[in-house]
Amino acid sequence: MKKFSSLFLVSLLSGATTLGGYKLLIDNDGFFSKQKNVVTLAPENYAKNVGLVPEGLDFTEAADKTIHTVVHVKNVSYRTVSNPMMEFFYGYSGGQQQEQVGTGSGVIISEDGYIVTNNHVVKDASDIEITLNNKKTYKAKLVGTDSKMDIALLKINADEKLPYSVFADSDNARVGEWVLAVGNPYNLTSTVTAGIVSAKARNLDTNGIQSFIQTDAAVNPGNSGGALVNTRGELIGINTMISSQTGSYVGYSFAVPSNIARKIIEDIMEFGNVQRGILGVEGGELNSSASKELGIKETQGFYIKKVTKNSGAEKAGLTKGDIIVKLDNQNITTYAELSGFINTKRPNDKVQVSYIRDNKTYTVPVVLNKNEFVTTEFKGIELENIDATDKKKFNIDSGVRIKEINNDNLKPYYDELKGTIILSIDNMKTTDVETTSRILEKKDENQSVSIEMINKIGQRIRIII
């Protein structure tokens, strides 16, 4: 009996110990309790709101404002198609005119009929037709274009005052902010999609635009030239391209920021062409690996590798090794941010440049140069930008001219080469001096390059130097 009582007492104490340990270490606020888990649990009502727009946010007003300002753009061009069999048997070489039709979108920006769209939407157009949201159709005149930034300005003469979009300050757009993309994908009219700003100052390594607004609002073929607006219906970008291997939307799209588009439009209307200012520095953005290679501690900013002769940067005292961290009041951490800011400025504009030198920060005013006066040099060849006269004469939209030759090996060909226009280097388009400099930055002086040129009498030639 005593053995049984002892066994019962031991069992009772064991059970009490186990229960006490559970309460102390595991249950509720115990040391190993679930409440101590590293992962924080969402509130119970969180699942009810997943994927929904925050309460009180309504897109209908912004959509209604915008759909009446977005138009359908029809581009009609013609090309001559030859018939080899007719040419062979009958000597007929006249060819046949074949109509080609392209479509896109545009945004009305004034009540008297000015419309902004992408340059690629209206490129090589013989006729441009605009269809409003009310189905009225008008012939449009091409006022001007900027192929580098992919912006074009059109004008229609309507028989009424037109609804139009107002520009917002795209610098104030915030990552995570709700936006609407409005356009005419697949020839559909006034399609509205919603998303958020996924990133700003996105560099896609194009030869032109270096500072896109990235969004996850669905954009498809035909949306090009359409509006990207905020929840107040204000224009923050012109939809330009999608990132896709299929040609259709797969997650991200990109827009030219409204500040850049607005500046281009104002230049075209006031001067007839784009007035592009240049800071006068070459280099690259910093990151951990670049900073380690350069032996510096800063991992953000624009590192200056070269200062252009006679530029505003040189006159202000900027030099190789300086790190630009701010332009006016805008922080600069990437090349795209620097490029995007400068693209909103004109020649002779003054910019306050903050830079780091020897671990100290300085700020100096820099007066921007005109793009045409900037040069660069590679392998003893000095290059300069071409002007509108050259583009018209040789029927080209970009290129850089050989201004001077200091390469002894090329001196025998001085007369033939000086004045020749370079169209591409290693099959990369030489849009202007700025983009050509970026191409050449990646080349070694001892590395051979293939250059496609058009000489002074219009012949296209290719050389290797």
Side-chain angles (χ1 to χ4, degrees), residues 70-79 100-110 113-130 138-157 165 167 183 206-212 222-227 235 237-241 254-277 339-340 343-347 370-372 385-400 421 423 429-435:
V70 174
V71 301
H72 181 270
V73 181
K74 180 180 176 183
N75 167 355
V76 180
S77 60
Y78 301 90
R79 68 168 183 165
Q100 293 182 310
V101 176
T103 61
S105 304
V107 185
I108 304 172
I109 57 171
S110 70
Y114 280 99
I115 297 168
V116 62
T117 185
N118 287 146
N119 177 65
H120 76 260
V121 170
V122 295
K123 187 178 180 182
D124 301 325
S126 299
D127 297 299
I128 303 172
E129 184 179 276
I130 300 296
Y138 299 92
K139 291 290 185 182
K141 173 188 175 183
L142 180 62
V143 179
T145 66
D146 181 11
S147 59
K148 179 178 180 179
M149 295 297 165
D150 199 19
I151 292 292
L153 182 64
L154 311 176
K155 177 70 167 66
I156 61 173
N157 294 316
S165 287
F167 284 85
T206 65
N207 286 332
I209 314 162
Q210 299 285 347
S211 187
F212 291 97
N223 270 111
S224 291
L235 195 65
I238 302 298
N239 295 317
T240 297
M241 62 187 297
F254 303 90
V256 180
S258 60
N259 285 2
I260 293 177
R262 185 179 73 244
K263 186 262 181 184
I264 291 169
I265 292 162
E266 290 172 350
D267 281 358
I268 290 173
M269 295 179 71
E270 185 175 350
F271 304 104
N273 55 42
V274 179
Q275 303 289 300
R276 191 163 282 124
S339 174
N343 281 329
T344 65
K345 302 296 181 180
R346 294 188 176 94
K370 195 170 184 178
N371 192 21
E372 284 75 11
N385 284 312
I386 61 175
D387 55 27
T389 304
D390 293 316
K391 292 178 182 179
K392 185 175 181 180
K393 178 181 177 181
F394 296 110
N395 193 27
I396 55 178
D397 58 8
S398 63
V400 291
I421 296 172
L423 303 176
K429 193 174 181 181
T430 52
T431 308
D432 54 21
V433 164
E434 185 182 7
T435 54

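The figures that follow rest on heavy atoms only: side chains count, while hydrogens, waters and symmetry mates do not.
- The shortest heavy-atom contact between Lys429 and Ser398 is CE-OG, 2.9 Å.
- Looking at Thr240 and Phe254, their side chains never come closer than 4.5 Å, going by heavy atoms from C-beta outward.
- In this view, Asn223 and Pro185, Val219, Asn220 satisfy the side chain to side chain contact (heavy atoms under 4.5 Å, CB included) rule, not counting sequence neighbours.
- For the pair Lys391 and Asp397, the minimum side-chain heavy-atom distance is 4.5 Å or more.
- Here the side chains of Gln275 and Glu270 are not in contact, with every heavy-atom distance at 4.5 Å or above.
- Judged by distance alone, the side chain of Asn239 and the main-chain N or O of Ala227 form a donor-acceptor pair under 3.5 Å.
- The nearest pair of heavy atoms linking Ile238 to Ala261 is CG1-CB, 4.1 Å.
- To the nearest 0.5 Å, the span separating OG on Ser110 from CD1 on Ile115 amounts to 8.5 Å.
- The minimum heavy-atom distance between His120 and Ser224, with the atom names listed, is NE2-OG, 3.2 Å.
- Using a 4.5 Å heavy-atom cutoff, the side chains of Ile421 and Val400 are not in contact.
- Partners of Lys263 under the side chain to side chain contact (heavy atoms under 4.5 Å, CB included) rule, at least two apart in sequence or in another chain, are Asp267, Val274, Arg346.
- Atoms CD1 and CD1, on Ile268 and Ile151 in that order, are 8.5 Å from each other to the nearest 0.5 Å.
- In this structure Asp124 satisfies the side chain to side chain contact (heavy atoms under 4.5 Å, CB included) test with no other residue, sequence neighbours excluded.
- The NE2 atom of His72 sits 10.5 Å away from atom OG1 of Thr117, with the distance rounded to the nearest 0.5 Å.
- Between Leu153 and Ile109 there is a side-chain heavy-atom pair separated by less than 4.5 Å.
- Side chain of Thr103 to main chain of Lys74: no donor-acceptor pair is present (N/O by atom type, distance under 3.5 Å, no hydrogens or angles).
- Considering only heavy atoms from C-beta on, Ile156 stays 4.5 Å or farther from Val71 through its side chain.
- The distance from atom CG of Leu235 to atom CD1 of Ile108, rounded to the nearest 0.5 Å, is 12.0 Å.
- In this structure, CD1 on Ile260 lies 12.0 Å from CG on Asp150, to the nearest 0.5 angstrom.
- Val107 approaches Gly225 most closely through the heavy-atom pair CG2-O, 3.6 Å.
- Residues Pro257 and Phe212 approach most closely at CD-CA, 4.4 Å, considering heavy atoms.
- Between the side chain of Asn119 and the main chain of Met149, no donor-acceptor pair closer than 3.5 Å is present.
- By the 6.0 Å contact criterion, NZ on Lys155 is enclosed, its count of non-hydrogen atoms from other residues, nucleotides or ligands being greater than 12.
- Closest approach of Asn75 to Ala125, counting heavy atoms only: OD1-CB, 3.1 Å.
- If you take OG1 on Thr344 and CD1 on Ile264, they are separated by 10.5 Å, rounding to the nearest 0.5 Å.
- Contact check for Asn157 versus Tyr138: no side-chain heavy atoms found under the 4.5 Å cut-off.
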